[in-house]
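Proteins come first, then strands; the chains are lettered A, B, ... in the order of their sequence lines, and each starts at number 1.
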2 protein chains.
Amino acid sequence: MPRRSAKSLTRQAKQARAKTTVNVIVDAAAQVLIREGYAGATTNRIAERAGVSVGSVYQYFDDKDAVFARLIDREIEAVVSIFSAGTGIPEESLMSALRRLLTVAVETWSYGPQLYRQLEHVPDDALRRRVTEAKTLLAGFIRSLLETHRAELRVRDLDVATFVVINASTGLSTNATTEMYGEPLVETTVELLERYLIA
Amino acid sequence: MPRRSAKSLTRQAKQARAKTTVNVIVDAAAQVLIREGYAGATTNRIAERAGVSVGSVYQYFDDKDAVFARLIDREIEAVVSIFSAGTGIPEESLMSALRRLLTVAVETWSYGPQLYRQLEHVPDDALRRRVTEAKTLLAGFIRSLLETHRAELRVRDLDVATFVVINASTGLSTNATTEMYGEPLVETTVELLERYLIA
DNA sequence: CAGAATTGTGAAAACTACCTCATATTACGG
DNA sequence: CCGTAATATGAGGTAGTTTTCACAATTCTG
């Protein structure tokens, strides 16, 4: 017997008012998640923070984790759009491109690395898979960027280079403090990567 | 009215059997924490994984978080012993020392950085403070190592250098795949750090 | 502006996890 | 070996969270 995916009983937001409510809830979820962690991010607290009743959350989301799924989608889309925009400029040097991408990423990343760290700890397989997919997508972008600048590269193995670029960057940015953030963070990261990739 | 700290009602392990049980429980806690995250690390699951009943957990631990506290203490001690051992060798070059520390860390760190990250998200203030203390301790070791080799260093700001060494290393190792692990990982990390710190 | 569709509410049912405790089993000392 | 202390058990009480649902309020449509 083929398992049929249960039809979602939640409504589709049709009026502008409802769409606002959905966004307010997702924003509230992000904020509560950062402040309280997953364990403290209860539906009631999210609703309270959003200024709506618990029931409204369940008007648009199947369950609690669906709210976080929506949040993840939003974040992924933001990252993807950043890196898609990066493909346009021709004749741009590798390090210039990396600096630009990192700068935009740091600036745009709406809730910063804190949210990202918390999202990785949401205990839902589907969500974790989405995060992994996003990482793969990101790796593809970086790899093709490195490929177009292969001539400048010191490192031979593009897979290793991609691995280093992504994980050194995220390693620095996810642990960024309030002191070490913004431009200094980007410059430090660029310096680290440049000395490894080129020269 | 001064708040008196409640006397612990848990027993002290007196027989060898009991000490084994305690260790089995702490190990199980680490494994479940890595697999399921804090939210999924229920007392029953930990007990099941340990092959004991829930009651046994409460024979030796005041509450759930006390298990994680013990785990944190064990991990901190492991890290401290690794890095203390690193202070002994004189006339060792900076990169040689870093390579050795990374190698031992990768080999010895019983549950790897995954556990470390999960422990950071345990929602208990006392525990979080302990994790922060451990980080500070680690940063201290790295910083003093860098300081003794200041002459070799290209980077001026030791705080920035320490930040980079710690977070680039953990960034690479936390995302290490099965292909990219062990010696290749260590060598890549060393290469990345050497080009940043020296030359 | 009436009636329908959509959106919003919050008390309470259903569920889950932590922790207790009365009891059983195992190990130790004399 | 027997009594006592130590260790182990697991069903169930309690507290807190998720989810539902009957109903209220708002917005849209003709």
Side-chain angles (χ1 to χ4, degrees), chain A residues 6-29 32-33 35-71 118 121-124 126-127, chain B residues 6-29 32-33 35-71 118 121-124 126-127:
Chain A
K7 179 179 275 185
S8 174
L9 296 175
T10 54
R11 292 159 190 261
Q12 182 82 346
K14 298 195 168 175
Q15 300 178 3
R17 179 171 58 133
K19 280 172 185 160
T20 302
T21 301
V22 170
N23 283 324
V24 167
I25 290 170
V26 175
D27 282 330
V32 174
L33 194 57
R35 275 192 195 287
E36 316 282 350
Y38 183 81
T42 68
T43 51
N44 283 296
R45 241 192 284 241
I46 291 171
E48 189 191 22
R49 178 107 194 162
V52 300
S53 78
V54 224
S56 288
V57 174
Y58 287 90
Q59 290 279 349
Y60 304 106
F61 299 97
D62 284 333
D63 54 28
K64 196 178 93 162
D65 286 337
V67 180
F68 295 121
R70 190 75 63 90
L71 179 56
Q118 292 292 350
H121 292 83
V122 172
D124 183 292
L127 299 194
Chain B
K7 178 180 276 185
S8 175
L9 296 175
T10 56
R11 292 160 190 260
Q12 183 83 346
K14 298 198 168 176
Q15 299 179 3
R17 179 171 58 133
K19 279 172 184 159
T20 302
T21 302
V22 169
N23 282 323
V24 166
I25 291 170
V26 174
D27 281 330
V32 174
L33 192 57
R35 275 192 196 287
E36 316 282 351
Y38 182 81
T42 68
T43 50
N44 283 296
R45 241 192 283 241
I46 291 170
E48 190 189 22
R49 178 107 193 160
V52 300
S53 78
V54 224
S56 288
V57 174
Y58 288 90
Q59 291 279 349
Y60 305 105
F61 299 97
D62 285 333
D63 55 27
K64 197 177 92 159
D65 286 337
V67 180
F68 295 120
R70 190 75 63 90
L71 178 57
Q118 292 291 352
H121 291 83
V122 173
D124 182 290
L127 298 194

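- Counting all heavy atoms, side chain and backbone alike, A/Y58 lies closest to A/K64 at OH-N, 4.3 Å.
- Here the closest heavy-atom approach between residue A/A39 and residue B/P123 is recorded as CB-CG, 4.1 Å.
- As judged by a 4.0 angstrom heavy-atom cut-off over every strand, A/V57 is placed among residues making no nucleic acid contact.
- Rounded to whole Å, atom C1' of C/dA17 lies 13 Å from atom CG of B/D63.
- Listed in residue order, the members of residues 36-45 of chain B having a heavy atom less than 4.0 Å from DNA chain D come to none.
- Residue order along DNA chain C, read from the 5' end via each residue's closest nucleotide, puts A/V54 first among B/K64 and A/V54.
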Check nucleotides 21-30 of chain D against the protein and report each pair of N or O atoms closer than 3.5 Å, with its distance, or say if there are none.
none

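- Residue B/S56 has no polar side-chain atom (N or O) positioned under 4.0 Å from OP1 or OP2 of D/dT7.
- Rounded to a whole Å, the CD atom of B/E48 is 13 Å from the P atom of D/dT9.
- Every side-chain contact (heavy atoms from CB on, under 4.5 Å) that A/D27 has, sequence neighbours left out, goes to A/Q31, A/R74, A/Y111.
- B/S53 has a side-chain polar atom (N or O) that falls below the 4.0 Å cut-off from OP1 or OP2 of D/dT9.
- Here the closest non-hydrogen pair linking A/L127 and A/A69 is CD2-CB, 3.3 Å.
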Check the pair B/V26, B/F61 against side chain to side chain contact (heavy atoms under 4.5 Å, CB included), reporting the backbone distance first and the verdict last.
CA-CA 10 Å; B/V26 174; B/F61 299 97; 3.9 Å; yes
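- Applying side-chain contact (heavy atoms from CB on, under 4.5 Å) to A/V57 and the options A/T21, A/I25, A/D63, A/V22 leaves one that passes, A/I25.
- Checked against C/dG8, C/dC19, C/dT9, the side chain of A/V52 finds its nearest nucleotide in C/dT9.
- Using a 4.0 Å heavy-atom criterion, one finds that A/Y60 contacts the sugar-phosphate atoms exclusively.
- Counting any heavy atom pair closer than 4.0 Å across all strands shown, B/Q12 reaches sugar-phosphate atoms only and no base atom.
- Every residue meeting the side-chain contact (heavy atoms from CB on, under 4.5 Å) condition with B/A29, not counting sequence neighbours, appears here in chain and number order: B/I46, B/V67, B/F68.
- By the side-chain contact (heavy atoms from CB on, under 4.5 Å) test, A/Q15 is found to be paired with A/R17, residues two or more places apart in sequence or in another chain being considered.
- One can place NZ of A/K19 at 18 Å from C1' of C/dG8, the figure rounded to the nearest angstrom.
- Partners of A/E36 under the side-chain contact (heavy atoms from CB on, under 4.5 Å) rule, at least two apart in sequence or in another chain, are A/V32, A/R45.
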